[in-house]
Amino acid sequence: MSLVVFTGAIGLVVAEGNLHPFLAAVALLCIALGAGAAGCINMWYERDLDALMHRTWHRPIPSGRIAGTSALEFGATLAIASVMMMGVAVNWMAAGLLSLAIAFYVFVYTVWLKRRTPWNIVIGGAAGAFPPVIGEAAVTGSVSAASIALFAIIFMWTPPHFWSLALYRSDDYRRAGIPMLPVTAGARATRWQILAYSVLMIPVSMTPWFIGSAGALYGAGAAGLSVIFTCGALAILIRRDEASARWMFRYSIFYLAVLFALLGIDHGFHWS
């Protein structure tokens with residue numbers, strides 16, 4: 001959730017144009033509400049699976065603190081309110097992208113993919129990649145190559161991020177019958193997939209620099225961070241232990257946060 005809002009904020013910052021600070025705050029609020037809505041509906045739909053997993057059994061619905069119908073009503077209300085507020089207060093392009101992100105997460109990822117295919121994270125990762133595109137659209141009313149590059153970074157980052165978690169939580173996913181890659185293809189195949197995506201992250205993360213939407217500070221930082229990311233993936237492959245997977249999962253969060261922070265800092269230097 002924090003990364004969703006933060007990457008959306010960076011989309012606002014690096015967009016070519018200006019947006020009144022109050023409207024920028026409204027846009028970020030709408031992104032946060034939309035993400036919360038998607039998560040809320042996801043937890044309603046997956047309440048049976050959450051009750052079977054150690055990682056999620058304590059969530060509000062399976063633990064009995066909130067009724068399922070109340071969660072669904074709340075999530076639907078947040079979804080509608082966030083899209084309408086974005087459209088009325090900011091612009092309808094951003095509102096349309098926000099509604100697409102919510103719908104993709106709920107219907108494509110949660111309902112269609114997650115229980116059916118080990119590639120749920122690969123395709124479903126698109127939902128989490130929308131925030132910087134929505135942020136730019138809030139400022140410009142359009143989508144550019146720069147925001148598509150940011151979308152690609154998050155899209156490619158998502159599989160190694162979640163597969164690292166799935167490696168040391170595979171028993172949870174197996175118990176719930178969720179076809180995550182370690183469950184269906186095994187740990188060895190998952191480690192190779194993590195490495196493959198991590199190697200691809202090096203050129204993908206540097207795309208903003210390649211296309212001229214970011215400067216040398218970002219380019220150098222992205223290269224260094226991505227090399228460490230790949231080293232983490234190699235450690236998972238070579239050591240084959242839980243500690244390496246846990247380190248990779250934690251580092252992946254740090255990696256994306258710092259990568260986008262560098263983009264914002266670089267943009268500030270560029271326009272100073």
Practice task
For residues Ile123 and Tyr109, determine if any side-chain heavy atom of one lies less than 4.5 Å from a side-chain heavy atom of the other.
Solution key: no

Exercise for the section: List the steps and the verdict of side-chain contact (heavy atoms from CB on, under 4.5 Å) for Leu195 and Leu234. Expected result: CA-CA 6 Å; Leu195 179 60; Leu234 277 171; 3.9 Å; yes

Problem - Exercise: do Glu16 and Ser144 side chains pair donor with acceptor under 3.5 Å - result: no

Handout entry: Interatomic distance, Ile80 atom CD1 to Ser99 atom OG [nearest 0.5 angstrom]
Key = 11.5 Å

Exercise for the section: Determine whether Leu167 and Ile194 make a side-chain contact, defined as any pair of heavy atoms from C-beta on separated by less than 4.5 Å. Expected result: yes

Practice task
For this output row, return yes or no: ring centroids of Phe130 and Phe151 closer than 6.0 angstrom.
Solution key: yes

Exercise for the section: Look up atom OG in Ser205 and atom CZ in Phe260, then write down how far apart they are to the nearest 0.5 Å. Expected result: 10.5 Å

Problem - Phe6 atom CZ: more than 12 heavy-atom contacts under 6.0 Å - result: yes

Exercise for the section: Could you grab the distance from atom CG of Leu23 to atom CG of Leu28, nearest 0.5 Å is fine? Expected result: 11.5 Å

Handout entry: Other residues, nucleotides, ligands: >12 heavy atoms within 6.0 Å of Arg175 CZ
Key = yes

Handout entry: Residue Trp247 excluded, over 12 heavy atoms near CH2 under 6.0 Å
Key = yes

Problem - N-O pairing of Arg59 and Asp50 below 4.0 Å - result: yes

Exercise for the section: Would you check if the side chain of Arg116 reaches a backbone N or O of Val111 as a donor-acceptor pair within less than 3.5 Å? Expected result: yes

Handout entry: Polar side-chain atom of Ser213 near backbone of Pro208 as donor-acceptor pair, under 3.5 Å
Key = yes

Practice task
Report yes or no: do Val88 and Leu98 belong to one cluster of Ile/Leu/Val/Met/Phe/Trp/Tyr joined by side chain heavy-atom distances under 4.5 Å?
Solution key: no

Practice task
Taking atom CH2 of Trp57 as the centre, report whether more than 12 heavy atoms of other residues, nucleotides or ligands fall under 6.0 Å from it.
Solution key: no

Practice task
Quick one: do Leu150 and Leu263 satisfy side-chain contact (heavy atoms from CB on, under 4.5 Å)? Show the steps, please.
Solution key: CA-CA 10 Å; Leu150 302 186; Leu263 193 65; 3.3 Å; yes

Exercise for the section: Verify, without hydrogens or angle tests, whether Ser147 (side chain) and Val143 (backbone) share a donor-acceptor contact under 3.5 angstrom. Expected result: no

Problem - Side-chain heavy-atom pair Pro132, Ile10 within 4.5 angstrom cut-off - result: no

Problem - Verdict with reasoning, His161 to Leu256, per side-chain contact (heavy atoms from CB on, under 4.5 Å) - result: CA-CA 10 Å; His161 167 69; Leu256 192 68; over 6 Å; no

Practice task
Spell out, yes or no, whether Ile253 and Leu165 are grouped together once hydrophobic residues are joined by side-chain heavy atoms under 4.5 Å, including indirect joins.
Solution key: yes

Handout entry: Flag, side chain of Trp157 to backbone of Met201, donor-acceptor distance under 3.5 Å
Key = no

Exercise for the section: Give a yes or no on whether Ile41 and Met84 share a hydrophobic cluster (residues Ile, Leu, Val, Met, Phe, Trp, Tyr; joining criterion: side-chain heavy atoms under 4.5 Å apart). Expected result: no

Problem - Point-to-point distance, once rounded to the nearest 0.5 Å, from CZ of Arg174 to CG of Leu52 - result: 14.0 Å

Fill in the blank from the handout: Closest heavy-atom pair, Ala137 versus Asn91, reported as atoms and distance to 0.1 Å, is O-ND2, 2.8 Å

Exercise for the section: State which residue, out of Trp192, Phe229, Trp163, fulfils the ring pair (Phe, Tyr, Trp, His ring centres under 6.0 Å) condition with Tyr197. Expected result: Trp163

Handout entry: Spacing of CD1 belonging to Ile202 relative to OG1 belonging to Thr230, to within rounding of 0.5 Å
Key = 3.5 Å

Exercise for the section: Provide the closest heavy-atom pair for Leu225 versus Tyr251 in the form atom of the first, atom of the second, distance. Expected result: O-OH, 2.9 Å

Problem - Within 6.0 Å of CZ in Phe107, more than 12 heavy atoms from elsewhere - result: no

Exercise for the section: Decide yes or no for Asn120 and Trp112: does some side-chain heavy atom of the first lie under 4.5 Å from some side-chain heavy atom of the second? Expected result: no

Fill in the blank from the handout: Shortest non-hydrogen pair, Ala15 vs Glu136, comes out as CB-CG, 3.8 Å

Problem - Side-chain heavy-atom pair Leu49, Lys114 within 4.5 angstrom cut-off - result: no

Practice task
Would you check if Val83 and Ile102 make a side-chain contact, meaning some heavy-atom pair closer than 4.5 Å?
Solution key: yes

Exercise for the section: Examine Val14 and Ile148 and state if one hydrophobic cluster contains both, with Ile, Leu, Val, Met, Phe, Trp and Tyr joined whenever side-chain heavy atoms are less than 4.5 Å apart. Expected result: yes

Practice task
Measure the shortest side-chain to side-chain distance between Ile61 and Glu46 over non-hydrogen atoms and say whether it is less than 4.5 angstrom.
Solution key: no

Exercise for the section: Treating Ile, Leu, Val, Met, Phe, Trp and Tyr as nodes and any side-chain heavy-atom pair under 4.5 angstrom as an edge, say whether Val4 and Met85 lie in one connected cluster. Expected result: yes

Practice task
Give the minimum heavy-atom separation between Leu113 and Gly124, together with the two atoms involved.
Solution key: CD1-N, 3.8 Å

Handout entry: Tyr173, OH atom: more than 12 neighbouring heavy atoms under 6.0 Å
Key = yes

Practice task
For Cys40 and Phe74, work out which heavy atoms get closest and say how close.
Solution key: SG-CD2, 3.9 Å

Exercise for the section: Return yes if some donor-acceptor pair links the side-chain N/O of Asp172 with the main-chain N/O of Met53 below 3.5 Å, else return no. Expected result: no

Practice task
Would you mind reporting whether Ile153 and Thr207 have side-chain heavy atoms less than 4.5 Å apart?
Solution key: no

Exercise for the section: Answer yes or no: is there a donor N or O on one side and an acceptor on the other, between the side chain of Ser244 and the main chain of Arg240, under 3.5 Å? Expected result: no

Practice task
Provide the closest heavy-atom pair for Ser63 versus Pro60 in the form atom of the first, atom of the second, distance.
Solution key: OG-O, 3.3 Å

Fill in the blank from the handout: When rounded to the nearest 0.5 Å, the distance separating OG1 of Thr110 from CH2 of Trp44 is 10.5 Å

Handout entry: Verdict with reasoning, Ile31 to Met86, per side-chain contact (heavy atoms from CB on, under 4.5 Å)
Key = CA-CA 9 Å; Ile31 291 172; Met86 182 75 89; 4.1 Å; yes

Exercise for the section: Please answer whether the main-chain N or O of Val183 pairs with a side-chain N or O of Ser170 as donor and acceptor at a distance below 3.5 Å. Expected result: no

